[in-house]
Amino acid sequence: MMDLFAAPVFDTTVIFEGKELFKGKGSASIWAEKLSAELGVPVTAQKIGTGWALCASVDGEERIWGILGQRLKRIN
């Protein structure tokens, strides 16, 4: 199985405060489901400025993922 963090993100994105985020909630929600299955924790799509990011608590630490170079990347 291919690691989700190596999978290309070909969804439409927006740049907000220098961070590349998902443009639509639908796309972000689909990726949130995939990330949740991979990490084994609940992941949600949350609005940040003009875009959407993936958010979860992993090992008691809040984490946020956006996109960098068509790959998921932690942005916090």
To the nearest 0.5 Å, what is the distance between [atom1] on [X] and [atom2] on [Y]?
X: Arg63; Y: Ser57; atom1: CZ; atom2: OG; answer: 8.5 Å
X: Ile67; Y: Leu54; atom1: CD1; atom2: CG; answer: 7.5 Å
X: Lys34; Y: Leu4; atom1: NZ; atom2: CG; answer: 7.0 Å

- Message: Are Leu39 and Trp52 connected into the same hydrophobic cluster when the rule is that any two of I, L, V, M, F, W, Y join if their side-chain heavy atoms are below 4.5 Å apart?
- Response: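 They do share one cluster, since a chain of ILVMFWY contacts under 4.5 Å joins Trp52 to Leu39.
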
- Message: Tell me whether Leu72 shares a hydrophobic cluster with Val58, the cluster being built from Ile, Leu, Val, Met, Phe, Trp, Tyr side chains joined at under 4.5 Å.
- Response: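 Hydrophobic grouping puts Leu72 with Val58.
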
Enumerate, atom names and distances included, each donor-acceptor pair closer than 3.5 Å involving a side-chain atom of residues 8-30, sequence neighbours excluded.
| from | atom 1 | to | atom 2 | distance (Å) |
| --- | --- | --- | --- | --- |
| Asp11 | OD2 | Trp31 | NE1 | 2.7 |
| Thr13 | OG1 | Glu20 | OE2 | 2.9 |
| Ser29 | OG | Lys25 | O | 2.9 |

- Message: If you compare all heavy atoms of Gly66 against all heavy atoms of Ile75, which two are closest, and at what distance to 0.1 Å?
- Response: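 Minimum heavy-atom contact is N-CG2, 3.7 Å.
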
- How far apart are the closest heavy atoms of Ala56 and Trp65, and which atoms are they?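 Residues Ala56 and Trp65, closest heavy atoms: CB-CZ3, 3.7 Å.
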
- Message: Once salt bridge (Lys or Arg N to Asp or Glu O under 4.0 Å) is applied, what residue pairs with a partner in residues 67-76 remain, sequence neighbours excluded?
- Response: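 Checked against salt bridge (Lys or Arg N to Asp or Glu O under 4.0 Å) - neighbours excluded - the pairs reaching residues 67-76 are Glu61-Arg74.
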
- What residues, two or more places apart in sequence or in another chain, satisfy side chain to side chain donor-acceptor pair (under 3.5 Å) together with Gln46?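 In terms of side chain to side chain donor-acceptor pair (under 3.5 Å), with neighbours along the sequence ignored, Gln46 is linked to Thr44.
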
